[in-house]
Amino acid sequence: MSELDISEELTIELLVRFLRSEAGKFGFDRVICGLSGGVDSAVSVGLAAQAFGPENVLGVMMPYRTSNPSSEADARAVAEALGIETRKVDISAMADGYLGDAQIDDRMRRGNVMARCRMIVLYDLSVEWGGLVLGTSNKTEILLGYSTQWGDSASALNPLGDLYKHQVFQLAAHLELPCEVIDKAPSADLFEGQTDEDELGFSYEEVDRLLLKMIDERWTEAELVAAGFDLDFVKLVASRIAANQYKRLPPIIAKLGPRSVNHDFRYLRSWGR
Amino acid sequence: MDCQLHLAQLEPTLGNLDANLAMHVETAERAVEEGVDLLLFSELSLTGYFLKDQTPEVALKRGEGPLARIAELSKDVSIAAGFVERAADGQLYNAYGFWEDGELVGLHRKVHLVTYGMFEEHRDMGAGCEFATIESRHGRFAVLTCEDAWHMQGPMLAFHSGVDALLVPSASPARGVQANGAGLGSVQAWERLLSTWALLTQTWVCHINRVGFEDGIGFGGGTRVIDPFGESTAALEGLDAGTLSARMDSAALDRARVALPLRRDDRAWILARELAQRAEAGGWEGRAE
């Protein structure tokens, strides 16, 4: 038993209600979601299938020519297990149209372009499907800024945003999602052999334990070190969180008038709904 | 006091007075049909909770529009409901009104506005400064609006006012999904807190929470009635909207107060003396933190 453990039943009940309620306020009862073959998108669509019925969830696979073929196979296994409809849109031509002309070799830039191509596809298909774009970013990656701004982080509704990766795995197991999705090493699959944990330089389990104490329980650096966390690790994670705050907020607006959007013009999206 | 109650655990629409009034009317009509004496709604039941800049837009003067309709309904059933009050001097309050026989007979302005974490009530509303007693034909009541129940002054004053029941309307967010098998952490905390107040004040406690979501923040339900021994006598489980039927009577109050003579043995004068000394020594606002 981990201190990160949540009650799966309770969490799923809340998240299913959240999806129905928030989509329903805007007249939607269906969603569309990028299906990468990873655990996050699998859990997101698993929750959506419970909330709206599998027939109202569209999973979109969007491989690039270098994507690992097993990702698509895993995505299909998830869709099959849940009984949701799928669509495949190869983004190679779309991405290469820009990447080739611009001669971009930098791995990060290429990955960001791919992520943003996928966002364009999802938002476009959402009109045809008549559903909201469902997010798949979990709390660990949101805090670490481990995502592409306006790319994979873009969505209308995100059921995973307050769940650490550990907890996403818990829900995946509880939802009985295919084991190949749960057992494989998490990867953004933006280049060959990429894994999240290699790229981050630490394990999800390790960082989730730290984030729980640092963020949710507000432990100080000294307290974290006294509890056994390595000082350099604590500093690295803290600096990543602060450095990526910009990804978590809307663009900065310069205040000029008496009531400025995002400063002192304050309404929820649920305004009147 | 012998009182048949309905506690309405509803899902108000944020800032939509018309929709929320319609919901109140429908709930009241059902209560009348069922011969209910007292119908209780949650905090800000007529407006929704995270109002922010909508606060002044939905504020109501006493007797205005929807409140006149509630007053009208109260000819057939006593009603308590939450709204944003626009006071005569223009200040806005998180108010909980109590209507009976067509009149507003009590109004509590939330004293302890929550302004921390996800809450920013004091940014938009002023704080009340008293815990008045409501004299109803169904009993004597004190209102503790949500955070008011997390401070000792309100329950303590209610204890000394000899009320029969604490009415605790709230808009409490659902939080805490830890794997301890005991349900939502927020609902557990409320149950512990209010059971304790029921025991210590030897009164009935009616907790009326809401459900639904406002921009991702869910409200946790857990509406319940607790007897003067601290035991839940009726509760709504889960996160659905619904109405809880319950009964409160004087017999339980009498039994509790005989079994444990807390009132007889209270030494409120010690508290009064100590507080007076502290007030004289420098007041409250300027005290060293």
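Letters A, B, ... are given to chains in the order of the sequence lines, protein chains preceding strands, and every chain is numbered from 1.
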key: CE (Met152(B)) with more than 12 external heavy atoms under 6.0 Å   = no

task = May I ask you to test the Leu184(B)-Leu14(A) pair for a side-chain heavy-atom distance under 4.5 Å?
result = yes

task = Considering only heavy atoms, give the residues of residues 12-28 of chain B separated from chain A by less than 4.5 Å, sorted numerically, with 'none' for an empty result.
result = Thr13(B), Leu14(B), Asn16(B)

request  = Sort out for me which of Lys25(A), Glu8(A), Glu9(A) touches chain B most, counting heavy-atom pairs under 4.5 Å.
outcome  = Lys25(A)

inquiry  = Quick check on Glu13(A) against chain B: is it the side chain, the backbone, both or neither that has a heavy atom closer than 4.5 Å?
reply    = side chain

key: Donor-acceptor under 3.5 Å (Gln54(B) side chain, Tyr267(A) main chain)   = no

task = Please say whether more than 12 non-hydrogen atoms of neighbouring residues, nucleotides or ligands are located less than 6.0 Å from CD in Glu176(A).
result = no

ask   = More than 12 non-hydrogen atoms from neighbouring residues, nucleotides or ligands closer than 6.0 Å to CZ on Arg248(A), yes or no?
value = yes

remark   = Nearest heavy-atom contact between Glu22(A) and Phe213(B) is OE2-CB, 3.4 Å

query = What is the distance from atom CG of Asp264(A) to atom CG of Asp53(B), rounded to the nearest 0.5 Å?
reply = 7.5 Å

message = Heavy-atom count check: over 12 atoms from other residues, nucleotides or ligands less than 6.0 Å from Arg259(A) CZ?
response = yes

Leu10(A) side, atom CG; Leu239(B) side, atom CG - distance, nearest 0.5 Å = 7.5 Å

Greater than 12 external heavy atoms within 6.0 Å of Lys255(A)'s NZ = yes

ask   = For Ser270(A), does its backbone N or O pair with a side-chain atom of Asp215(B) as donor and acceptor, under 3.5 Å?
value = yes

Residue pair Lys52(B) / Arg266(A): nearest heavy atoms and the distance that separates them = CB-O, 3.2 Å

ask   = Any idea which heavy atoms bring Gly216(B) and Phe18(A) closest together, and the distance?
value = CA-CE1, 3.7 Å

ask   = Under the salt bridge (charged side-chain N to carboxylate O under 4.0 Å, His left out) criterion, do Asp240(B) and Arg17(A) qualify, and how do the steps go?
value = CA-CA 10 Å; Asp240(B) 287 329; Arg17(A) 285 174 184 269; 2.9 Å; yes

ask   = Got a sec: does the CG of Leu249(A) have more than 12 other heavy atoms crowding it under 6.0 Å?
value = yes

